[in-house]
Enquirer: 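Submitted below is the structure of interest, expressed as structure tokens.
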Amino acid sequence: LLHFMREVWWQPQPFIEGVHTCAVARRISQAVRDFKEGKSTYLCISEPFRHGKTDMVSRALPAWFVGACADVEPDIICTGYGAELVKKFSRKARAIVASQAYQKLFPRVRLGSRRTDVHWKVDYYKDGDWKASTGDVTVTGLGGALTGSGYHLGIVDDFCKSRAEAESQTYRDKTWEAFTNDFMTRRAPVSITIVTATSWHADDMIGRLRAESEENPEFPKFEFLSFPARGGGRVGSEVVEYGDREFLFEERFGKDWYREQYATLGSYAAAGLLDCAPTIQSGNIF
């Protein structure tokens, strides 16, 4: 996946790799290898905002997956807190598939003629001719209609858009129900499920995934990849050191940017949005 991103990078500025970029790409690449061998994977990836998780998971990964797993002709579902958000991701993934750089890597894959912002296919060159894939890429807001759709690769990217939503018990319950009842029921027998987000609240989807993975032996066992802005990251039980950096992605942002963000957010918001470890907001007790 990391090599793929280097080859098809679509932004005018250079592709900058942080320690988290390399670690997450390696883990997702392993998940794809496991998928080909018949093993399912469940990943939950936490990073601070603006650190590249969406570029990798929601833009590059769907495009790479339809090429790397062409023999399966996979189904993909991409979702997030709003339909318009994930439509933007979908348009970029399609643009990557249509690019010349992509064609050099996967000459037997091309963007199909049936395509909209919410549903598209690729064509595969097989037996001397181009044929439409049996798999679909479906894009919808979390909680949107998924009846009739399924996935070999399922992505949830940013399930919450604001502090007000994060603080709402009703909204957190609604999001969790959409994830468990609508999204997770769409899995193929062998699949990859990825939740990637900046964590807003201790009881948000990431918090609930942790609780279920630890307490419910029948619940899918999610592996947690966490990269706080400072202090070192983790991929499952593996510790990822930041070396001589004070902050995670100084190659892109620099120390002053991080310090200004901590000062702007305050300790409560920064615990989740930067440190990937949200705390319960408390008041005085009389």
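The chain is numbered in sequence order, starting from 1. Predicted model only: the values in this text are computed from it and were never measured. Only this structure's heavy atoms are used, side chains among them; waters, hydrogens and symmetry mates stay out.
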Enquirer: Should I16 and V24 be counted in the same cluster of Ile, Leu, Val, Met, Phe, Trp and Tyr side chains packed under 4.5 Å apart?
Expert: yes
Enquirer: Salt bridge (charged side-chain N to carboxylate O under 4.0 Å, His left out) with E167: which residues, sequence neighbours excluded?
Expert: R163
Enquirer: Less than 4.5 Å apart, side chain to side chain, heavy atoms only: is that true for L43 and F222?
Expert: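 Sidechains of F222 and L43: no contact.
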Enquirer: I want to check something: taking the side chain as every heavy atom from C-beta on, are M5 and E17 in contact at a cut-off of under 4.5 Å?
Expert: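 Heavy-atom side-chain distance check fails, nothing below 4.5 Å.
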Enquirer: With a 6.0 Å cut-off (strictly less than), is the heavy-atom count around NZ of K221, excluding the residue itself, greater than 12?
Expert: yes
Enquirer: After noting the C-alpha distance and the side-chain angles of Q30 and R33, does the key distance pass the side chain to side chain donor-acceptor pair (under 3.5 Å) rule?
Expert: CA-CA 5 Å; Q30 181 60 53; R33 288 191 290 270; 3.0 Å; yes
Enquirer: When rounded to the nearest 0.5 angstrom, what distance separates CG in D158 from CZ in F89?
Expert: 6.5 Å
Enquirer: Distance from L153 atom CG to C78 atom SG, nearest 0.5 Å?
Expert: 6.5 Å
Enquirer: Could you walk me through whether E223 and T41 pass the side chain to side chain contact (heavy atoms under 4.5 Å, CB included) test, one step at a time?
Expert: CA-CA 8 Å; E223 181 178 337; T41 300; 5.5 Å; no
Enquirer: Please collect all salt bridge (Lys or Arg N to Asp or Glu O under 4.0 Å) contacts where either partner lies in residues 51-71, sequence neighbours excluded, each pair once.
Expert: D55-R59
Enquirer: Flag yes if more than 12 heavy atoms outside K88 fall under 6.0 Å of its NZ atom; otherwise flag no.
Expert: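 Open.
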Enquirer: Measuring only between side-chain heavy atoms, which start at C-beta, is F49 closer than 4.5 Å to L274?
Expert: yes
Enquirer: Where do L1 and I28 come nearest, in terms of heavy atoms and distance?
Expert: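 What the structure gives for the nearest pair is CD2-CG2, 3.8 Å.
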Enquirer: For T138, enumerate each residue passing the side chain to side chain contact (heavy atoms under 4.5 Å, CB included) test, keeping only those at least two apart in sequence or located in another chain.
Expert: I77, H119, D136, L146, S149
Enquirer: If I take atom CD from residue Q261 and atom CG from residue D256, how far apart are they, to the nearest 0.5 angstrom?
Expert: 11.5 Å
Enquirer: Please tell me whether V57 and F15 are part of a single hydrophobic cluster in this structure, the criterion being side-chain heavy atoms less than 4.5 Å apart.
Expert: yes
Enquirer: What's the spacing between S90 OG and L85 CG if we round to 0.5 Å?
Expert: 11.5 Å
Enquirer: Is it the case that one hydrophobic cluster holds both V137 and I194, taking links as side-chain heavy atoms less than 4.5 Å apart, direct or via other members?
Expert: yes
Enquirer: For atom CZ of R108, decide whether the heavy atoms of other residues, nucleotides or ligands shown that lie under 6.0 angstrom number more than 12.
Expert: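 No - once you tally the heavy atoms of other residues, nucleotides and ligands closer than 6.0 Å, there are 12 at most.
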Enquirer: Is the Lys NZ or Arg CZ of R230 less than 6.0 Å from the centre of Y262's six-membered ring, within 45° of the axis?
Expert: yes
Enquirer: Taking side chain as C-beta onward, heavy atoms only, is W200 less than 4.5 Å from I206?
Expert: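 No. Closest side-chain heavy atoms not under 4.5 Å.
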Enquirer: Between F247 and H51, does the ring-ring contact (aromatic ring centres under 6.0 Å, His included) criterion hold? Intermediate values first, please.
Expert: CA-CA 12 Å; F247 298 106; H51 277 57; over 10 Å; no
Enquirer: Does the pair K126/E73 count as a salt bridge with the N-to-O cut at 4.0 Å?
Expert: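 Looking at E73 together with K126, the answer is yes, because their closest N to O distance falls below 4.0 Å.
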Enquirer: Is any side-chain heavy atom of H201 less than 4.5 Å from a side-chain heavy atom of Y171?
Expert: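 The answer is no, as the side chains (C-beta and beyond) never meet within the 4.5 Å cut-off.
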Enquirer: Any chance you could lay out the side chain to side chain contact (heavy atoms under 4.5 Å, CB included) test for R208 and D203, step after step, and finish with the verdict?
Expert: CA-CA 6 Å; R208 296 189 186 196; D203 182 49; 2.9 Å; yes
Enquirer: Would you give the length of the straight line joining atom CD of E260 to atom CZ of F253, rounded to the nearest 0.5 angstrom?
Expert: 12.0 Å
Enquirer: Among the clusters formed by ILVMFWY side chains lying less than 4.5 Å apart, do W257 and V19 turn up in the same one?
Expert: yes
Enquirer: Under a 4.0 Å N-O cut-off, is there an ion pair linking E7 with K104?
Expert: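 Salt bridge flag = no for K104 with E7.
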Enquirer: Quick check: do Y102 and F4 have side-chain heavy atoms less than 4.5 Å from each other?
Expert: yes
Enquirer: Do you know which two heavy atoms are closest between V86 and G80, and how far apart they sit?
Expert: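 Between these two residues, the closest heavy atoms are CG1-N, 3.3 Å.
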Enquirer: Do the side-chain N and O atoms of T193 and Y151 include a donor-acceptor pair separated by under 3.5 angstrom?
Expert: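 The answer is yes; a qualifying pair exists.
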Enquirer: Might you point out which heavy atoms bring C22 and L2 nearest each other, and give the distance in Å?
Expert: SG-CD2, 4.0 Å
Enquirer: With a 4.5 Å cut-off on side-chain heavy-atom distances among I, L, V, M, F, W and Y, is there a chain of contacts connecting V195 to Y81?
Expert: no
Enquirer: Answer yes or no: is there a side-chain heavy-atom contact under 4.5 Å between I155 and F183?
Expert: no
Enquirer: Rounded to the nearest 0.5 Å, what separation is found between the OG1 atom of T196 and the CD atom of E47?
Expert: 6.0 Å
Enquirer: Is there side-chain contact between P48 and L248, with heavy atoms separated by less than 4.5 Å?
Expert: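 They are in contact (side-chain heavy atoms under 4.5 Å apart), so the answer is yes.
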Enquirer: Check for a donor-acceptor pair, side chain of Q103 on one end and backbone N or O of V109 on the other, with a separation under 3.5 Å.
Expert: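 Yes, the answer is positive, given that a donor and an acceptor are paired below the 3.5 Å cut-off.
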Enquirer: Any Lys/Arg nitrogen of E250 or K255 sitting under 4.0 Å from an Asp/Glu carboxylate oxygen of the other?
Expert: yes
Enquirer: Step by step, work out the side chain to side chain contact (heavy atoms under 4.5 Å, CB included) result for F224 and S213.
Expert: CA-CA 10 Å; F224 295 88; S213 294; 4.1 Å; yes
Enquirer: ring-ring contact (aromatic ring centres under 6.0 Å, His included) for F227 and F249? Distances and angles first, verdict last.
Expert: CA-CA 10 Å; F227 292 90; F249 205 10; over 10 Å; no
Enquirer: So does K174 have more than 12 non-hydrogen atoms from other groups sitting under 6.0 Å from NZ?
Expert: no
Enquirer: Check L265 against A270 and note the closest heavy-atom contact, atom names and distance.
Expert: CB-N, 4.0 Å
Enquirer: Nearest heavy-atom pair of E165 and R172: which atoms, and what distance?
Expert: O-CG, 4.4 Å
Enquirer: Looking only at heavy atoms, what is the nearest atom pair of A178 and L142, with distance?
Expert: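 Scanning both residues completely, I find the closest heavy atoms to be CB-CG, 4.0 Å.
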Enquirer: Test L61 against M56 for side chain to side chain contact (heavy atoms under 4.5 Å, CB included), laying out the working first.
Expert: CA-CA 6 Å; L61 177 56; M56 178 180 293; 5.7 Å; no
Enquirer: Determine whether a donor-acceptor pair (N or O, by modelled atom type, separation under 3.5 Å) exists between the side chain of R252 and the backbone of R50.
Expert: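 Flag set: sc R252 to bb R50 pair under 3.5 Å.
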Enquirer: Are there more than 12 heavy atoms of other residues, nucleotides or ligands under 6.0 Å from atom CD of Q13?
Expert: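 Yes.
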Enquirer: So does T79 get a backbone contact from the side chain of T140, meaning a donor-acceptor N/O pair under 3.5 Å?
Expert: no
